[in-house]
Amino acid sequence: MSAPIYDRVALIGLGLIASSMGHAMKKWGLARSIAGHAKTEATRAAALELGFCDEVFATAAEAADGADLVVLAVPVGAMGAVAAEIGPHLKLGATVTDVGSVKQAVIEAVAPHLRAGIEFIPGHPLAGTEHSGPRSGFATLFQNRWCLIIPGEASPEAVARLRALWEGMGSNVEEMDAAHHDLVLAVTSHTPHLIAYTMVGVADHLRRVTESEIIKYSAAGFRDFTRIAASDPTMWRDVFLTNKEATLDILGRFTEELFMLQRAIRMGDGEELFDYFTRTRAIRRGIIEAGQDTAAPDFGRTKVDEK
Ligand SMILES: NC(=O)c1ccc[n+]([C@@H]2O[C@H](COP(=O)([O-])OP(=O)(O)OC[C@H]3O[C@@H](n4cnc5c(N)ncnc54)[C@H](O)[C@@H]3O)[C@@H](O)[C@H]2O)c1
Ligand SMILES: O=C(O)C(=O)C[C@]1(C(=O)O)C=C[C@@H](O)C=C1
């Protein structure tokens with residue numbers, strides 16, 4: 001148990017990330033009390049039953065009222081509306097952070113609703129699973145994972161406090177600017193999700209035109225590669241709508257490489273294929289050896305999705 005870093009934390013949107021934060025803060029004693037807001041009664045009841053919130057509220061404004069830290073954990077496209085609702089109710093000196101997968105669009109949507117005297121420190125834990133909802137969270141989700149924070153205009157004290165919270169939950173914290181964040185994540189997270197969704201779509205199309213059971217017999221490669229295509233559609237719709245430029249840039253580069261490989265296959269150019277796979281295998285192996293493999297560990301988490 002650590003000393004509490006915040007007195008009162010408010011979690012807005014009680015899905016995978018907020019519930020994992022709640023469990024982690026409880027496990028390591030990082031908050032004196034945790035308030036939560038979810039739109040549905042079922043989710044609010046689940047938060048109390050699972051014990052990751054002490055109190056739950058039907059409105060975001062009530063949950064945020066009096067909080068020292070407010071965590072916006074809703075899909076990226078909903079951040080602005082939530083900020084507009086809580087803005088007038090925030091305690092002077094409170095910190096507002098978010099966990100959204102895109103940073104520039106969240107800053108544009110949230111910042112205008114926060115008055116002077118509120119510390120705004122956008123954040124993004126690089127940790128997740130393909131599951132969603134309040135029952136999918138677990139305390140160790142953030143262990144040994146990066147958490148990127150965007151300090152912006154916030155005071156060094158407020159930044160240090162938020163950093164301590166993430167470190168208390170086991171993360172390695174790095175500061176980054178929002179534009180760089182969005183480009184890096186377009187390569188390492190956003191475009192891979194798009195490609196995984198597409199691969200499932202291709203298999204399904206083939207199943208329909210050949211009227212065969214392709215997906216039933218899917219091989220391990222397909223399963224490993226497409227795990228992330230089981231992720232929440234609202235979350236990912238919002239990511240692509242809000243990180244448009246960077247994902248289109250990376251998709252363009254991806255397509256160029258794919259055409260190059262397609263040509264090598266057509267031409268029977270084994271040397272080109274072998275060299276490409278040798279180089280990229282070394283890079284992929286290097287990621288694991290550096291201890292940065294981001295494959296979701298299985299800590300016996302609940303597999304049930306629930307909103
Ligand atoms: N899933 C991941 O792997 C992952 C990882 C890091 C960051 N994120 C980001 O974290 C945020 C939350 O993602 P999650 O995985 O916890 O999703 P989730 O679907 O598990 O939870 C989000 C919750 O927000 C609720 N919600 C939606 N609009 C709302 C509104 N206007 N007011 C109140 N609640 C609302 C939904 O009902 C849902 O319960 C997203 O911005 C996402 O981009 C996700
Ligand atoms: O492991 C997974 O299921 C994830 O996709 C998690 C993942 C990622 O791409 O690594 C997804 C979105 C995020 O914003 C952060 C983490």
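Bear in mind that the values here come from a model prediction, so they are computed numbers and not experimental data. We count ligands from 1, going down the list as the structure has it; atoms in each ligand are counted the same way.
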### Query
Under 6.0 Å from the CZ atom of R281, do we count more than 12 heavy atoms belonging to anything else shown?
no

To the nearest 0.5 Å, atom CD1 of I150 lies from atom CD1 of I121 at 11.0 Å

Is the shortest distance from a heavy atom of W146 to ligand 2 less than 4.0 Å?
no

For this session: Would you please determine whether H190 falls within less than 4.0 Å of ligand 2 on a heavy-atom basis?
Result: no

With a 3.5 Å cut-off and no angle check, do the side chains of D65 and H89 form a donor-acceptor pair? no

Query - Side-chain donor-acceptor contact under 3.5 Å, T59 with E62 - result: yes

Of S189, G128, A230, A127, the one whose closest heavy atom lies nearest atom 9 (O) of ligand 2 is S189

_Quiz item: cation-pi between R223 and F225, 6.0 Å / 45°_ = no

Would you say [X] and ligand 2 have an N/O pair spaced under 3.5 Å apart?
{"X": "T188", "value": "no"}
{"X": "M235", "value": "no"}
{"X": "H193", "value": "yes"}
{"X": "W236", "value": "no"}

One finds that the ligand 1 atoms under 4.0 Å from a non-hydrogen atom of V76 are 41 (O)

At under 4.0 Å between heavy atoms, is it the side chain or the backbone of [X] that contacts ligand 1, or both, or neither?
{"X": "T129", "result": "backbone"}
{"X": "S101", "result": "both"}
{"X": "P75", "result": "both"}
{"X": "E130", "result": "neither"}

Note: L16 and G128 closest approach over all heavy atoms is CD2-CA, 4.1 Å

- Side chain of T247, backbone of F240: donor and acceptor closer than 3.5 Å? no

With heavy atoms and a 4.0 Å threshold, my read on which part of I228 contacts ligand 2 is side chain

